[in-house]
Chemist: 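Quick one: the structure is below, questions incoming.
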Amino acid sequence: MNIEQISQGLLKKFEQSRLVFWQDVDKEFTDELPTLQLDTRYGLATIIEIDTLSHLEVKHRVELLEPEQAFLLYSQQKANDPIRDWLYDIRLYAQEFYADSSSMILNDIGMNMEFRPVISKFKSFFANKLRVTRLKKLLPKSATERELELALIAASLKLETPTFANILQVLLAQLANDFESGSLLAELDKYNLTPSFWTIVYEEFGYIVETNKDEKRHPSLQDLATKLLFTECFQALVNSGCSSNDSVLESFSPHLLPMLTSEQVEAGYSIDRIGMNSARRAHVVSFIVQLRESRTYQDSYNTIAAQIEADFEIRNKLSQITQPEKLMYVETFEFADKQLAILLAKNINTIEQQALNTITSHRLTTHWCHVKQVFVDTKYACVYQALKAAKQFYSLKAKFIDGFEFDSARAMYRAYEEQLFLFDSAYRVFCENANQVSHHGSDILKKTQLVADIEALYVDWYLHDLAIAWGKHVDNENLLDKWKFDGIINQYNFYNHEVERIFQSKQVKRVFVIISDALRYEVAHDIHEQINKEKRFKSTIKSQLGVVPSYTQLGMASLLPHQELTAHISKDVTFKADGLSTHGLEKRNAILEKYRGIAVKSSDVLNWTNEEGRKAIADTRIVYIYHDQIDAIGDKAATENQTFEACADGIKQIKLLVERIINKLNGNRILVTADHGFLFKSSDVVDSDKTALSVKPQGTVEGKKRYLIGQQLPRDDFYWTGNMTVTANLSSNSDQAEFMIPRGSNRFNFVGGAKFIHGGIMPQEICVPVLRIEHLKTAKQKTTAKQKVGVVPLSNPIRLVTLTEKIEFLQTNAVGNDFKERSLSIWIEDPDGKIVSNKAQVLFDSESSNSDDRKRNAILSLNGTGFERTTSYKLVMLDTENNDRFASYSVTIDLAIQDDFDDLF
């Protein structure tokens, strides 16, 4: 510091007082003192070196003899204690000047001199101007000592936010990159900031490392991370219902925050007591939840959690839990999801449907179900979806434990249309998700034999018994000789009954028809449900009795507009509509042109620009869109194992087509249907799946896995025979076209794959879906579209008496025809809108009519202390789909004992 800087600093002090004390204890400016010329508003200041004079004499002079004169009272010694200091009363109204480096730093950063001892500890930090510049940007006005230290730490680490949470998040992210590194705090060590960091960590979390004579241990980020995760996991176990005598909680005790000292143990403080009443512990939970849910630090959290899980053998600890509900709220370690999935799978036959739905619905909102791998759901999300589907299958089986007895084929068809299709749907969803789990390299479901059990039940019980019951009606009612049901439209009447029906409304100018190859009824039902969740769309679903054989060329022909359908048999079978071939897109387009229609591929529609689309359909009345995803994958030996994945892709593609038609092509009436359905099983086909034909029957023109077509075909009890004049309404001008199909779900041969089949008359093949989709106008959306379920807290007003509370909510409506699920993010905030708790994610998706089954819990942990019972807090419920506040409720926070444990520190 030069003499000019000193002069300027002194003159600022004289602006506030005519008396200025200068304690130059380091004797740095003795030589410069005589050169000072201080022209103050009181005149030229007089310099008195008070160490050489009587203090009483100095006092007498400055106060009595020269009361208007400016004095600089210079000393090279520390001031005496007040009781021995003759000048103490003067010091109280005078100004103090410091010319040491710490004082100048404080002047530079705009802080009071009381922080000189703090600054002196970190002098090395201020040697670099860039660091000081960063500090100035981070330092709040009127900063406290802690805010100063946090700003120093943040500036050292080159961070933009000087909060403890942000600093620790960054350090833990570095730890994740090198868990064994011992130099993560090296930057703080350079500037003596490491002790300050650990002091703040202690104040926030109660983290401290005890030492004894034999072992000297130091705090470390690795140890801190371990205790943070153990503590959060411990609290989640408590929230899930684990009690203090559970052995798993005892195994966590050495690794919890705040740590128990020997004195605290002797004082009778138990882990359970501290876990439930500690504000610090609530803060730990909040910090870990925030870290885990952060998009920026989520990957780092996953890495650290995996390392700790392996190092501390979390598998062995959590494996002690045998009741699935005691893991419901545990998200800390990935193994919690694995253990929970195993327990649910093992107990799936004893656990209640609603209990399983409650657990799985909650778990699907949790961390390890949202970690994406190659843009697909994680194995745990797939596991829980598979478990829900498996439980649905078992519940359906219990309803039909006595078999599939119906009065008639029509009654059985209706039962399939309304209920029995759910067996196929549950099986498909289970297999699709089980396959995804397997693709992730996990054997969670296979280990529990659940995959084998569901497969056996589906194939050996459901398909087998359904085929026998259906076959009896086919035989007893000579169904193939008439192939009609009262009140059910035949597929060959599709155009007249469905398409032309829409044009009866004068407002409709154009109809779009999506024909998806092998879109089974139960798959279409999924599309129906998903579309009805959209506010702007309405879907209704019904079925039509498919043609037989249930295969592509005949099914596609029957869906086209026609007066007469004919079959022509030579080397192969050709179908014609009013004399025009129905085979292939171009020929179907020629048929549709007669009705002011066009035939296009779904891929073309999806690739059209707005202008191309409008131009393509400009003069049309009917647009037939052909979609082929399921059959294209399932009907090939190389890809038939991917059938259910193809169904999932098909659902997405058809939904996208519907949106494209409405949004880009201004369509408002859409029909979705199929040429036929299909049968599929995941297990390998065996000889018992085959209806043997020793030789190809004479007269056969076309022979496939599931059907034969020809003329004058033989008859036998091992298979059914029929005439397409009856089952497809071929005209008398048609060649005689007969068919043979195996009974039940059998195949004639296994050529070209045999798990995916169609062509026969099982309900899955001939119950062909018809979706009627309408674009709702704004006014109609409010009255017609599905609404989201209502949600209310069961206790109102809400009163919190502990730092962690389980708040119960009621889903006021059941998910079904009129209502769809609602996903909420729930938290507590203060009157200023500051969030003072974690955010709980809760999915309200119960389909139960019993209100008790529709209850859900949100566990909220308050952050910090100082809550006032007279302050009006709010519980906020945010709809996560549209990011809109759904509701809020008044909350009273009345903590009888905020944290008696803190008094011990």
Side-chain angles (χ1 to χ4, degrees), residues 157 159-161 163-181 184 204-205 221-222 224-236 239 282-312 314 318 327-341 362-384 436-437 440-442 823-827 835 837-843 858-861 863 878 880-881 883:
L157 299 175
L159 307 181
E160 295 182 359
T161 306
T163 63
F164 171 74
N166 184 56
I167 290 166
L168 187 54
Q169 286 172 344
V170 170
L171 290 171
L172 291 178
Q174 295 175 6
L175 176 67
N177 292 330
D178 187 0
F179 199 81
E180 301 301 324
S181 175
L184 293 172
E204 292 282 336
F205 297 141
L221 283 173
Q222 292 90 333
L224 173 62
T226 299
K227 287 181 167 56
L228 288 171
L229 266 64
F230 263 87
T231 301
E232 197 260 347
C233 186
F234 175 93
Q235 191 64 52
N239 294 340
H283 187 30
V284 168
V285 171
S286 177
F287 174 80
I288 291 298
V289 170
Q290 183 181 3
L291 181 71
R292 188 166 56 228
E293 293 179 353
S294 165
R295 292 184 180 181
T296 303
Y297 300 111
Q298 187 179 88
D299 290 342
S300 299
Y301 173 87
N302 296 341
T303 301
I304 292 171
Q307 184 69 49
I308 294 171
E309 182 178 311
D311 291 348
F312 291 86
I314 298 298
L318 296 184
L327 284 167
M328 182 170 174
Y329 298 108
V330 181
E331 299 182 54
T332 317
F333 301 107
E334 182 183 354
F335 184 76
D337 270 292
K338 184 171 185 178
Q339 177 67 3
L340 176 57
H362 171 70
R363 294 308 297 186
L364 286 169
T365 68
T366 57
H367 175 70
W368 299 105
C369 286
H370 286 271
V371 179
K372 298 293 182 181
Q373 298 177 0
V374 199
F375 306 108
V376 297
D377 285 345
T378 63
K379 62 186 177 189
Y380 296 111
C382 295
V383 166
Y384 294 128
Q436 287 291 338
V437 175
H440 282 297
S442 173
S823 179
L824 292 177
S825 180
I826 301 172
W827 67 83
I835 297 173
S837 75
N838 64 302
K839 291 183 178 181
Q841 310 299 320
V842 187
L843 177 62
I859 294 180
L860 296 178
S861 294
N863 299 335
L878 180 84
T880 58
E881 182 183 25
N883 201 36

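Just so you know, residue 1 is the first one in the sequence shown, and it goes up from there. The structure presented is a predicted model; accordingly, all values stated were derived computationally and were not measured.
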Chemist: Under a 4.5 Å cut-off applied to non-hydrogen side-chain atoms, are L171 and L157 in contact?
Modeler: yes
Chemist: Keeping S286 on the side-chain end and A282 on the backbone end, is there a donor-acceptor pair under 3.5 Å?
Modeler: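 Answer holds: no.
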Chemist: Does any part of the side chain of T332, heavy atoms only, come nearer than 4.5 Å to the side chain of R292, both counted from C-beta?
Modeler: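 Yes - at least one pair of side-chain heavy atoms lies under 4.5 Å apart.
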Chemist: What closest approach, in Å, do A840 and I859 show between heavy atoms, and which atom pair accounts for it?
Modeler: CB-O, 4.0 Å
Chemist: For D337 and H367, which I'm curious about, is there any donor-acceptor pair between the side chains at under 3.5 Å?
Modeler: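 No - no donor-acceptor pair under 3.5 Å links their side chains.
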Chemist: Output all residues satisfying salt bridge (charged side-chain N to carboxylate O under 4.0 Å, His left out) with E293, sequence neighbours left out; order by chain, then residue number.
Modeler: none
Chemist: Determine the minimum heavy-atom distance between F335 and I314, stating which atoms define it.
Modeler: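 Taking F335 first and I314 second, the nearest heavy atoms are CD2-O, 4.4 Å.
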Chemist: Could you tell me whether the side chain of L172 reaches within less than 4.5 Å of the side chain of Y297, counting heavy atoms only?
Modeler: no
Chemist: To the nearest 0.5 Å, what is the distance between CG on N302 and CZ on F333?
Modeler: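 Reported to 0.5 Å precision, the distance equals 12.0 Å.
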Chemist: Hey, could you give me the CZ/CZ distance between F205 and F164, rounded to the nearest 0.5 Å?
Modeler: 4.5 Å
Chemist: First locate atom CG of L340, then atom CG of L327, and finally report the distance between them rounded to the nearest 0.5 Å.
Modeler: 5.5 Å
Chemist: Begin with the C-alpha distance, continue with both residues' side-chain angles, and end with the deciding distance and a verdict on side chain to side chain contact (heavy atoms under 4.5 Å, CB included) for I167 and L159.
Modeler: CA-CA 8 Å; I167 290 166; L159 307 181; 3.9 Å; yes
Chemist: Please answer whether the main-chain N or O of R363 pairs with a side-chain N or O of T366 as donor and acceptor at a distance below 3.5 Å.
Modeler: yes
Chemist: Does L878 reach the side chain of L824, with side-chain heavy atoms less than 4.5 Å apart?
Modeler: no
Chemist: Side-chain contact, heavy-atom cut-off 4.5 Å: Q290 with Q169?
Modeler: yes
Chemist: Taking all atoms of both residues into account, what is the closest heavy-atom pair of A858 and V842, and its distance?
Modeler: CB-CG2, 3.9 Å
Chemist: So, for L175 and A225, which heavy atoms are closest and what is the spacing to 0.1 Å?
Modeler: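 Reported closest heavy-atom pair: CD2-CB, 3.9 Å.
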Chemist: If you round to the nearest 0.5 Å, how far is OG1 of T226 from CZ of F312?
Modeler: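 It is 4.0 Å, given to the nearest 0.5 Å.
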Chemist: I'd like to check Y380 versus E334 (side-chain heavy atoms, cut-off strictly below 4.5 Å). Are they in contact?
Modeler: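 They are in contact (side-chain heavy atoms under 4.5 Å apart), so the answer is yes.
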Chemist: Check whether any side-chain heavy atom of Y301 sits under 4.5 Å from a side-chain heavy atom of L229, and report yes or no.
Modeler: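 The answer is yes, as the side chains (C-beta and beyond) meet within the 4.5 Å cut-off.
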Chemist: Let me confirm one number: the CG-NE2 distance from N863 to H283, rounded to the nearest 0.5 Å.
Modeler: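 One gets 7.5 Å once the value is rounded to the nearest 0.5 Å.
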Chemist: Is there a donor-acceptor contact under 3.5 Å linking the side chains of S823 and T880?
Modeler: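 Side chains of S823 and T880: pair found under 3.5 Å.
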Chemist: For the backbone of T163 and the side chain of T161, can you confirm whether one donor and one acceptor N or O come within less than 3.5 Å of each other?
Modeler: no
Chemist: Does the side chain of V284 reach to within under 4.5 Å of the side chain of F234, using non-hydrogen atoms?
Modeler: no
Chemist: For a quick test of reading the model, state the closest non-hydrogen atom pair linking T365 to Q841 and the distance between them.
Modeler: OG1-O, 3.3 Å
Chemist: Can you see which heavy atom on Y329 is nearest to which on A236, and at what distance?
Modeler: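 Minimum heavy-atom contact is O-CB, 3.4 Å.
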Chemist: Rounded to the nearest 0.5 Å, what separates atom OG in S300 from atom CD in Q174?
Modeler: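 Here the interatomic distance stands at 9.5 Å.
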Chemist: Are L168 and L228 close enough, and set up right, to give a side chain to side chain contact (heavy atoms under 4.5 Å, CB included), and what steps lead you there?
Modeler: CA-CA 12 Å; L168 187 54; L228 288 171; 4.3 Å; yes
